[in-house]
Amino acid sequence: MNGPVSPESVAAPAPDRIFELAGAYWASRTLLSAVDLGVFAALAGGPLAGDELRRRLDLHERVARDFFDALVALSMLDRDDDRSEERRVG
């Protein structure tokens with residue numbers, strides 16, 4: 001059986017690894033939130049205007065804009081800026 005580990009014997013994780021893990025958590029949490037809220041189910045029938053998608057999901061305007069931006073940044077949604085539409089990727 002191993003004894004207790006002393007703080008001096010443990011190497012500190014590299015900052016880039018910490019940021020990588022934090023980013024992975026953020027991306028997976030965003031995806032799970034989209035599934036829980038029904039984003040992809042709402043878009044199953046085709047693209048929707050951002051405001052219509054927001055209304056269907058019953059989201060506050062500011063929250064919806066930031067949330068949809070995050071989904072676009074993660075390539076989970078595609079946006080047609082000319083028509084302000086959100087659509088599923090793939």
Original post:
Are Val35 and Val39 in one and the same hydrophobic cluster, where Ile, Leu, Val, Met, Phe, Trp and Tyr link if side-chain heavy atoms are under 4.5 Å apart?
Top reply: yes
Original post:
Hey, quick one: are Met76 and Val63 part of the same hydrophobic cluster, counting side-chain heavy atoms closer than 4.5 Å, chains of contacts allowed?
Top reply: no
Original post:
Can you list every salt bridge (charged side-chain N to carboxylate O under 4.0 Å, His left out) pair that touches residues 21-38, not counting sequence neighbours?
Top reply: Arg29-Asp36
Original post:
Of all heavy-atom pairs between Leu59 and Phe67, which one has the smallest distance, and what is that distance?
Top reply: CD1-CD2, 4.3 Å
Subject >> Glu61 versus Arg54, closest heavy-atom pair with distance >> reply: CA-CD, 3.4 Å
**OP:** With sequence neighbours left out, write down each residue that passes salt bridge (Lys or Arg N to Asp or Glu O under 4.0 Å) with Glu52, or none if nothing qualifies.
**Re:** Arg55, Arg56
Subject >> Test item: Phe68 and Leu57 side chains (from C-beta on) under 4.5 Å apart, heavy atoms >> reply: yes
**OP:** Find out whether Leu31 and Leu74 are in side-chain contact, i.e. whether some heavy atom of one side chain is under 4.5 Å from a heavy atom of the other.
**Re:** no
**OP:** State whether Asp66 and Arg62 are salt-bridged, where the test is any N-O pair (Lys NZ or Arg NE/NH1/NH2 against Asp/Glu carboxylate O) under 4.0 Å.
**Re:** yes
Subject >> Counterpart residues, side-chain contact (heavy atoms from CB on, under 4.5 Å), relative to Val72 (two or more places apart) >> reply: Leu77, Arg79, Glu86
Subject >> Spatial distance of atom CG (Leu71) from atom CG (Asp69) [nearest 0.5 Å] >> reply: 9.0 Å
